[in-house]
Number of protein chains: 2
Amino acid sequence: MSVGHTEVTTGPTTGPVVSCGGEHEDCGIREVLDRIGDKWSVLVIVELAQGVRRFRQLQRAVPGISQRMLTLTVRRLERDGLISRTVYATVPPQVEYELTATGHSLTHLVKALADWSAEHREGIAASRRAWDAAHPGSGIR
Amino acid sequence: MSVGHTEVTTGPTTGPVVSCGGEHEDCGIREVLDRIGDKWSVLVIVELAQGVRRFRQLQRAVPGISQRMLTLTVRRLERDGLISRTVYATVPPQVEYELTATGHSLTHLVKALADWSAEHREGIAASRRAWDAAHPGSGIR
DNA sequence: CAGTATCCTTAATGATACTG
DNA sequence: CAGTATCATTAAGGATACTG
């Protein structure tokens, strides 16, 4: 068998140009991911996309999130201007969280992520099964 | 001053419905993010969106990535079926990485991320500066 | 209710040395 | 060149207790 080149020639199925100028210096991509790539942010955003929510409501709506992580998550989202926080001086205290206009614009992106995921989820799962079967005990996972 | 409700009524600037059925059980969103939310995957994908690349080429194109992380990253992307890996039995060895059709479809998403980032980057930076100024030594960041 | 404050575990990443 | 193997370092997240 020949060992040189094999010319796979897999058609570059129409992909958009994602480069960032003549040379890419990271686009702003990492910035978005640093913001929503964590474990809980998008889940909180998805819940707030349904409407205004209070702290405990959010915690109940996002199964598994701890009080601590919910606090950290909403604080960071507030800091970035993606959600607003309104405190009512009642007793017991009540705090409402709501998406800002910027936060709402993010939901379009989140929707795109969800759609892509739905469309490729099974194909990816299949690829993983095949790869894992072909590379037993590789440590990769 | 009244302490009850204040009716902020911030217009819910047209956001898409991101819920996942009557109740949301995480959509597939977390799955995508678990895949590309790490530090290097999207950067590798962006580079491969330009064309076929060899290992060293990729490492040079993605400043800061260690040999170890590049290996882990391309292995995981290959496992998920987002990139293909072709080994040429030459000496010295040569390995080419290329986006698969699925990987190419991801570039659309990455483009959307980059666009959103470009559009909101400055607003977010401003929000952070304001928040940080208003919450000195909060620990949040 | 809506948080803070601590302590602890684990996952992710990095640095370095070595190999087919 | 294209990795692998180890060790060290951080950062992210979780558990629990306490408070205005």
Side-chain angles (χ1 to χ4, degrees), chain A residues 3-5 26 30 33-44 47-48 52-79 83-98 135-141, chain B residues 3-5 26 30 33-44 47-48 52-79 83-98 135-141:
Chain A
V3 255
H5 35 199
D26 181 342
R30 281 255 33 97
L33 292 178
D34 285 341
R35 196 159 291 115
I36 66 167
D38 68 293
K39 195 170 181 180
W40 305 108
S41 291
V42 287
L43 301 180
V44 168
E47 180 59 23
L48 287 179
V52 179
R53 294 287 187 275
R54 285 178 294 117
F55 191 86
R56 292 289 296 179
Q57 276 186 298
L58 274 177
Q59 190 169 12
R60 276 188 290 268
V62 182
I65 194 171
S66 66
Q67 203 164 31
R68 172 182 139 78
M69 287 314 295
L70 180 55
T71 298
L72 285 176
T73 302
V74 293
R75 284 289 175 288
R76 289 197 271 243
L77 292 174
E78 188 200 0
R79 176 173 181 254
I83 69 177
S84 65
R85 176 173 177 271
T86 311
V87 182
Y88 296 99
T90 58
V91 41
Q94 186 170 328
V95 179
E96 288 185 351
Y97 293 94
E98 185 173 19
H135 304 74
S138 68
I140 301 293
R141 230 125 276 188
Chain B
V3 253
H5 34 200
D26 179 342
R30 282 255 35 98
L33 292 177
D34 285 341
R35 195 160 291 116
I36 66 167
D38 68 292
K39 194 170 181 179
W40 305 108
S41 291
V42 287
L43 301 179
V44 168
E47 179 59 24
L48 288 180
V52 178
R53 294 287 186 276
R54 284 178 296 114
F55 191 86
R56 292 290 297 179
Q57 276 187 299
L58 274 177
Q59 189 170 12
R60 275 187 291 266
V62 181
I65 194 170
S66 65
Q67 204 164 30
R68 171 182 140 74
M69 287 315 295
L70 180 55
T71 299
L72 285 177
T73 302
V74 292
R75 283 292 175 287
R76 290 197 271 244
L77 291 175
E78 188 201 1
R79 176 174 180 254
I83 70 177
S84 66
R85 176 173 177 271
T86 310
V87 182
Y88 296 98
T90 58
V91 42
Q94 185 170 329
V95 179
E96 287 185 351
Y97 293 94
E98 184 174 18
H135 305 74
S138 68
I140 300 293
R141 233 122 273 190

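Below, each value reflects all heavy atoms present in this structure, side chains not excepted, and no hydrogens, waters or symmetry copies. Here is the naming used below: chain letters follow the sequence lines, and residue numbers restart at 1 for every chain.
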Checklist outcome for this item: Looking only at D/dC1, C/dA2, C/dT13, the nucleotide nearest the B/Asp38 side chain is C/dT13
Checklist outcome for this item: Heavy-atom closest pair (A/Val52 atom, A/Gln57 atom, distance to 0.1 Å) is O-OE1, 4.3 Å
Checklist outcome for this item: Heavy-atom nearest pair, B/Leu48 first then B/Arg53, reads CD2-CB, 3.7 Å
Checklist entry - Starting at CD of A/Gln59 and ending at P of D/dG13, how long is that distance when rounded to a whole Å? => result 16 Å
Item to check | Phosphate OP1/OP2 of C/dG14 contacted by B/Lys39 side-chain N/O (<4.0 Å) | outcome: yes
Checklist entry - Given axes from five pairs at either end, by how many degrees does the helix from C/dC1-D/dG20 to C/dG20-D/dC1 bend, rounded to 10°? => result 50°
Checklist outcome for this item: What one should report as the nearest heavy-atom pair of B/Ile36 and B/Ser41 is CA-CB, 4.1 Å
Item to check | Steps toward side-chain contact (heavy atoms from CB on, under 4.5 Å) verdict (B/Glu78, B/Tyr97) | outcome: CA-CA 9 Å; B/Glu78 188 201 1; B/Tyr97 293 94; 5.7 Å; no
Item to check | Qualifying salt bridge (Lys or Arg N to Asp or Glu O under 4.0 Å) pairs, either residue in residues 34-44 of chain A, two or more places apart | outcome: A/Arg30-A/Asp34, A/Arg35-A/Asp80
Item to check | A/Glu96 with A/Arg85: basic N within carboxylate O range, under 4.0 Å | outcome: no
Can you pull every protein N or O that's under 3.5 Å from an N or O on nucleotides 3-8 of chain C?
residue: C/dG3; atom: OP1; partner: A/Arg75; partner atom: NH2; Å: 3.0
residue: C/dG3; atom: OP1; partner: A/Arg85; partner atom: NE; Å: 3.4
residue: C/dG3; atom: OP1; partner: A/Arg85; partner atom: NH2; Å: 2.6
residue: C/dG3; atom: OP2; partner: A/Tyr97; partner atom: OH; Å: 2.5
residue: C/dG3; atom: N7; partner: A/Gln67; partner atom: OE1; Å: 3.1
residue: C/dG3; atom: N7; partner: A/Gln67; partner atom: NE2; Å: 2.6
residue: C/dG3; atom: O6; partner: A/Gln67; partner atom: OE1; Å: 3.0
residue: C/dT4; atom: OP1; partner: A/Arg75; partner atom: NH2; Å: 3.3

Item to check | Interatomic distance where CG belongs to B/Leu43 and P belongs to C/dT13 [whole Å] | outcome: 11 Å
Checklist outcome for this item: Separation of C/dA11 atom P from A/Arg141 atom CZ, nearest Å, is 15 Å
Item to check | Length of the line joining B/Arg35:CZ and C/dA12:C1', which is rounded to integer Å | outcome: 17 Å
Next on the checklist: Tell me whether the side-chain N/O atoms of B/Arg56 come closer than 4.0 Å to OP1 or OP2 in D/dA2.
Outcome noted: no
Item to check | Intermediate values then yes/no, side-chain contact (heavy atoms from CB on, under 4.5 Å), A/Leu70 and A/Val62 | outcome: CA-CA 9 Å; A/Leu70 180 55; A/Val62 182; 5.9 Å; no
Checklist entry - Which one, D/dC1, C/dG14, D/dG20, comes nearest to the side chain of B/Trp40? => result C/dG14
Checklist entry - Rounded to whole angstrom units, what separation is found between the CE atom of B/Met69 and the P atom of D/dA11? => result 15 Å
Checklist entry - Whole-Å distance between C/dA2 P and A/Leu72 CG? => result 17 Å
Checklist entry - To the nearest angstrom, how far is A/Ile65 atom CD1 from D/dT16 atom C1'? => result 17 Å
Item to check | Distance, rounded to the nearest Å, where A/Asp34 contributes CG and C/dA12 contributes P | outcome: 15 Å
Checklist entry - Is there a side-chain contact (heavy atoms from CB on, under 4.5 Å) between B/Arg54 and B/Val95 once you walk through the steps? => result CA-CA 6 Å; B/Arg54 284 178 296 114; B/Val95 179; over 6 Å; no
Item to check | Nearest heavy atoms of B/Thr71 and B/Val74, plus distance in Å | outcome: O-CG2, 3.2 Å
